[in-house]
*Asks:* 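The structure that follows is given in the form of structure tokens.
Residue numbers start from 1 in every chain, and the chains themselves are labelled A, B, ... in the order their sequence lines are given, proteins ahead of strands.
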4 protein chains.
Amino acid sequence: MIMTLDFQSDFPIYKQIRNQIIEGIAKGLLKPGDPLPSVRMLAQDLSVNMHTINKAYQLLKQEGFIQIHRQRGVVINPDGFPKITDDYLAILQESLRPLIGESVCRGMKEEAFLDRCRKLFQQMEKGGEGQ
Amino acid sequence: MIMTLDFQSDFPIYKQIRNQIIEGIAKGLLKPGDPLPSVRMLAQDLSVNMHTINKAYQLLKQEGFIQIHRQRGVVINPDGFPKITDDYLAILQESLRPLIGESVCRGMKEEAFLDRCRKLFQQMEKGGEGQ
Amino acid sequence: MIMTLDFQSDFPIYKQIRNQIIEGIAKGLLKPGDPLPSVRMLAQDLSVNMHTINKAYQLLKQEGFIQIHRQRGVVINPDGFPKITDDYLAILQESLRPLIGESVCRGMKEEAFLDRCRKLFQQMEKGGEGQ
Amino acid sequence: MIMTLDFQSDFPIYKQIRNQIIEGIAKGLLKPGDPLPSVRMLAQDLSVNMHTINKAYQLLKQEGFIQIHRQRGVVINPDGFPKITDDYLAILQESLRPLIGESVCRGMKEEAFLDRCRKLFQQMEKGGEGQ
DNA sequence: GTGGTCTAGACCACC
DNA sequence: GTGGTCTAGACCACT
């Protein structure tokens, strides 16, 4: 799975990594039980500090997306993923609110916005690496 | 317009202020030409430092949502708002992507996600203060 | 002579007024001895505070472009204008330097820049109100 | 690169810093990809507050002259510089207009003015530190 | 009174 | 170590 980082972004590197792994899961490129590269390997591949990879992995583990074993290394959680909790819905709502607010200001129609979302859902379902 | 800040949020305060003003515009609570409180007034109202308000205002000015007028003070841009540029669509896409990625992982259906968006659009259109 | 003010500009209003009067002189629209509107009149015309007009006039007087008489009012200096002093050349140089620096960065050719200057000179010589 | 500030100038310090960095680029002293001193280091070197430097850097970043890279720190934009847009030409024109207006009033010949410009262009091309 | 600028000092997240 | 954010308090130019 290819990963691209933006070192100018407001988003910290470790969160970009976390997001792209989650995206990989959503697209089905990463399936429950699949192994992930070691901290050291991924750090080298992305030319990033090991601490940064570690932080991303710890976050994913804490959220329940991956498991970290001393021996077997890092794997996508084989026991399923976190569910849609009320907490998650609240966070999702508060994340969407400013995006929708700005879109309305700029004159975007509801349907145009929904279409954008639909396209992204299709990208996830199709699973390809495609943009 | 009522504004509520979350000092514990990982979103910086100045961005929360920016977002809520944009939301106010989207809801129609703030119309082109409407005056905004002075930097110092709003700072006092929100129990926040002057510079934090200033940062929010400078950002909104740079984005084209407000004007800082030598006579009239700070006003909602009377000449209209920024349009839906390709740049904006790209940013929107990259902002939505991780949200949709995670939702898919958690097993959320496309329609459930779209419904969330629709509700937020309706909140903006109705214009009430409602959460 | 038409005057247009930009209330969003970084330039203070009184300096914009000063500049446009000097421009009027350069274009020959205002000749030595010509009367200028009274502070009160001009303030009303431009919807600007009297203090602002006063400041512009005081600056022009101090620089030697106009004279202010109790009785006859404000007139373009009939005794000629300030000359090209070393001080003026130094200021001019320091004002041009950042403009040229930025133009070079952006890839503007020397001739293209000089052409811009020539055009502005011609505008002044022709004297019209034309942009 | 040596930088000199005039604390008495009516130009704010952060703009002087911005201008001198742009000048450094124009002269070729600063090349795409070159690192700039950290906010705190430069602040100490110039005996100026950190925030003032930050303001200059943020401005240069927003204009596209530098990048703030999570790993490499602050660097001259390696992807090239902003182009000559219509917006820039308009700003340039409005910046030159009052300079040329006053020069005409003071009896400066067009060629004398252009010569001043040519000298500054040569300074930039030569690249020396020379005033 | 306004916004604009600057200082000094602090805490934080990130790398 | 870096930049990002926030505070408190100050001065200034402008309107």
*Asks:* Within the structure shown, what part of the strands sits under 4.0 Å from B:Asn54 by heavy-atom distance: base, sugar-phosphate, or nothing?
*Replies:* base
*Asks:* Rounded to whole angstrom units, what separation is found between the OH atom of B:Tyr14 and the C1' atom of F:dC6?
*Replies:*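 Roughly 12 Å, once rounded to whole Å.
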*Asks:* Just checking D:Val48: base, sugar-phosphate only, or nothing, at a heavy-atom cut-off of under 4.0 Å?
*Replies:* sugar-phosphate
*Asks:* Mind checking B:Gln58 for me? I need base, sugar-phosphate or nothing, with any heavy atom below 4.0 Å counting as a touch.
*Replies:*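 Touches sugar-phosphate only.
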*Asks:* Considering only heavy atoms from C-beta outward, does the side chain of A:Val48 approach that of D:Gln71 to under 4.5 Å?
*Replies:* yes
*Asks:* To the nearest angstrom, how far is B:Gln71 atom CD from F:dC14 atom C1'?
*Replies:* 11 Å
*Asks:* Is any side-chain N or O of D:Arg40 under 3.5 Å from a base N or O of F:dG1, one able to act as donor and the other as acceptor?
*Replies:* no
*Asks:* Please confirm whether any donor atom in the side chain of D:His51 sits under 3.5 Å from an acceptor in the base of E:dG9, or the reverse.
*Replies:*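 Side chain to base: pair found, below 3.5 Å.
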*Asks:* 5'-most contact on DNA chain E: D:Arg70 or D:Lys15, nearest heavy atom basis?
*Replies:*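 Checking each residue's closest nucleotide, the 5'-ward one belongs to D:Lys15.
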*Asks:* Base, sugar-phosphate alone, or nothing: which one does B:Tyr57 contact when heavy atoms must sit under 4.0 Å apart?
*Replies:* nothing
*Asks:* Within the 4.5 Å heavy-atom criterion, are B:Gln16 and B:Ser9 side-chain neighbours or not?
*Replies:*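 They are in contact (side-chain heavy atoms under 4.5 Å apart), so the answer is yes.
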*Asks:* Once you apply a heavy-atom cut-off of 4.0 Å, does B:Val74 come out as touching a base, just sugar-phosphate, or nothing?
*Replies:* sugar-phosphate
*Asks:* Counting Watson-Crick and G-U wobble pairs only, both distances under 3.5 Å, name the nucleotide matched with E:dC14, or none.
*Replies:* F:dG1
*Asks:* In whole angstrom, give the distance that lies between atom CD1 of D:Ile68 and atom C1' of F:dG4.
*Replies:* 10 Å
*Asks:* Select from B:Pro37 and A:Phe11 the residue whose nearest nucleotide in DNA chain E is closer to the 5' end of that strand.
*Replies:* B:Pro37
*Asks:* Let me know which of A:Glu63, A:Lys61, A:Gln67 forms a side-chain hydrogen bond (donor to acceptor under 3.5 Å, both in side chains) with A:Asn77.
*Replies:* A:Gln67
*Asks:* Can you check the B:Asn49 CG to E:dT7 P distance for me, whole Å?
*Replies:* 17 Å
